[in-house]
Amino acid sequence: MKIASFNINGIKARAEALPAWLKAAEPDVVALQEIKSTDETFPHEIFDGLGYHIVTHGQKSFNGVALLSRFPLEDVVCGLPGDASDEQARWIEATVVGRRAVRICGLYLPNGNPAPGPKYDYKLAWMARMRARVSALLKTEEPLVFAGDYNVIPQEEDAAKPEAWATDALALPETRAAFRELLHLGLTDALRDRVPGPGHYTFWDYQAGAWQRNNGIRIDHLLLSPQAADLLTAVGIDKEVRGGDKPSDHVPIWIDLDA
DNA sequence: ATGGTTGGTTCCCAA
């Protein structure tokens with residue numbers, strides 16, 4: 001089962017690039033972030049003929065997440081549990097059954113800039129709430145995949161120019177500590193596990209020729225529960241997508257599970 | 001230290 005995460009930075013702007021990647025990469029399940037669309041205005045027609053079941057959790061203008069799957073999407077949960085007053089669409093869960101059942105959680109973790117400030121407070125509170133949700137799901141002992149844009153640069157080696165991010169919400173010590181707390185629950189960072197070391201980026205800013213200079217950062221992650229990590233057979237970043245026509249500023253990251 | 005670009009919306013904000 002090939003499972004991917006892709007922050008598309010606007011579903012309507014990616015009406016050509018996203019289907020083109022799906023045809024080439026043939027993922028079974030995809031977690032999309034930043035659809036920037038409501039459920040009502042989501043352009044389902046761009047996926048016609050590609051064979052995906054689709055669930056969306058959108059909002060107007062900003063954020064918004066979705067799951068695509070060649071298998072039916074079961075037991076869907078929209079919104080990160082733990083704060084009924086939170087109106088930002090950043091979390092969606094569903095179970096897919098291939099040869100085995102896997103629960104997929106798609107997430108768009110808050111950016112948090114500027115830090116310090118209320119946006120950074122929201123980021124840290126959201127990460128604490130995610131930790132509680134991960135803990136609850138781990139008790140099921142199901143294979144779990146947490147796929148998304150974490151807006152976290154976990155270590156210095158995950159940025160081409162780490163000094164440029166020293167005071168940024170994506171890299172502050174408190175951000176990295178909160179990310180490590182997730183890992184310490186028992187999750188495996190699939191890419192770090194299989195391809196340790198520097199130079200593996202998933203985001204290049206549109207500005208200042210970041211792509212041409214390979215000034216990238218690794219902020220899109222696939223974290224696996226122990227039962228999912230046992231099934232991991234491959235991991236990759238589809239870097240070439242960044243050089244295509246009308247690209248997102250993020251590229252897809254994917255894993256293959258023996259499931 | 002600053003600037004630079006894109007998307008969705010709107011008389012700029014978020015990233």
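Just so we're on the same page: letters track the sequence lines, and every chain starts at 1. Below, each value reflects all heavy atoms present in this structure, side chains not excepted, and no hydrogens, waters or symmetry copies.
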C1'-based separation of B:dT6 from B:dT10 [nearest Å]: 16 Å
Polar side-chain atom of A:Glu34 near backbone of A:Asn9 as donor-acceptor pair, under 3.5 Å: no
Residues A:Asp189 and A:Arg218 bridged, charged N to O under 4.0 Å: yes
So if I define the base as every atom that isn't primed, P, OP1 or OP2, how would nucleotides 6-15 of chain B read as a B/S/- string at a heavy-atom cutoff under 4.0 Å? SSSS----SS
Check the angle between the aromatic planes of A:Trp91 and A:Phe146 and answer parallel, tilted or perpendicular using the 30° and 60° thresholds. tilted
Say we look at B:dT9 and B:dA14: how far apart would their C1' atoms be, to the nearest angstrom? 11 Å
Is it true that a side-chain atom of A:Arg131 and a backbone atom of A:Ala178 form a donor plus acceptor pair closer than 3.5 Å? no
Taking the C1' atom in each of B:dA15 and B:dG4, what is the distance between them to the nearest angstrom? 13 Å
For A:Phe203, what residues pass the ring pair (Phe, Tyr, Trp, His ring centres under 6.0 Å) criterion, not counting sequence neighbours? A:His250
For A:Leu257 and A:Val145, what are the C-alpha separation, side-chain angles and deciding distance, and is it a side-chain contact (heavy atoms from CB on, under 4.5 Å)? CA-CA 10 Å; A:Leu257 297 185; A:Val145 176; 3.9 Å; yes
Provide, to the nearest angstrom, the distance between the CZ atom belonging to A:Arg213 and the P atom belonging to B:dT5. 12 Å
